[in-house]
Amino acid sequence: MQVTVHGGVSKHEWQARLDLAAAYRAMALYGWDDLVFTHLSARVPGRGDHFLINPYGMLFEEITASSLVKIDLNGDKVLNSPYEANPAGFIIHSAIHGARADAACVVHLQTTAGVAVSCQASGLLPISQQAMFVLPGLGYHDYEGVAIEPDERQRLVDDLGGGHSLILRNHGVLTCAQSVADAFMLSYVLQRACEIQLQAQAGGGHFADVAPDVIGSVRRTGEHAMRDAGGSLVWPGLLRKLDRIDASWRL
Ligand SMILES: [Zn+2]
C-alpha cells in the first residue's frame, strides 16, 4: 500500500503530483502508454532542479500522486521512495528541463502512430488542421540509438530550439509546456495529427492542397487556441472523467 506524501511536500508540489499522475492515467486511458516504458515528467514548482517522474515498473494506469518519484537532474532520488526512477529514461527529460526554464512538463510517447510518422522521411505533413496547429513549434531529432548517452542532451536541446514539440526519428515524439495540462494538450493534438496522416495515407489518393496563406493563418490561430484550451477548458473536464473511472490517482 502506497503511503501518501501529501503532508510531507509543499502545496505546490502536491498540485504538480496530482496533475502529473492525472496525465499518466489519461495517457493510459487513450492507449498512449507503452507498458512501463516512456515517461512524463514535471518540474517541482519552486525547485528548478527537482522533478517528478513515474515509478519504474508501474503501469501508467496504476500511478498515483504519491508514487511519483522525485529526482534531480542526474536522475538521483531526492525524496525517500520505495520505487526507483528510470535514470536512463530521464536523459531525454533532463536535457529539456535543464535547458528550458519554461518546460515545466515534458511528455515523451512511443505510440504506434507517433513512431510510424517518425519513421517517415517527410515527417508530419501539413494536411490536417491538427498538423497545422503543431507544425510551428515542431522540430526533428535524428535517431542515435537508445537515448542513454549524456552527450545526446545538447543535440536534443538544439533540435527542439524554442519550439514545443519534437519528432524523435525512428523512436517517437516529445512535447514540453509551461504546465502539465498544456503539455497534455500538445501531445493530444500531435498524436491526433499523426493518426490522421497515417489513415489519410492508407486511404490512398491525392491530398487536397491547402493554400500557403491558409496554412500560415491556421498555424497562428492554432498556437493560441491550444494554449487557451489546454489548461482552462480541456484539463478540468479530463480530471472529472478520470474521477468517474477511478479516483485513486489522487492518492
Ligand atoms: Zn523513448
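Throughout, residue positions are numbered sequentially from 1 according to the sequence presented. Whatever order the structure lists them in is the order used to number ligands and atoms, beginning at 1.
- The atom name of the N/O/S atom in His108 closest to the Zn ion (ligand 1) is NE2.
- Heavy-atom contacts from other residues, nucleotides or ligands closer than 6.0 Å to CD of Gln110 number more than 12.
- With 2.8 Å as the limit, Thr38 does not count as an N, O or S neighbour of the Zn ion (ligand 1).
- Looking at Val69 and Glu84, their side chains never come closer than 4.5 Å, going by heavy atoms from C-beta outward.
- Ring pair Tyr188/Trp32: centre-to-centre distance below 6.0 Å.
- Within the coordination shell of the Zn ion (ligand 1), defined by N, O or S atoms under 2.8 Å, His39 is absent.
- Environment of NZ in Lys241: sparse, with no more than 12 heavy atoms of neighbouring residues, nucleotides or ligands closer than 6.0 Å.
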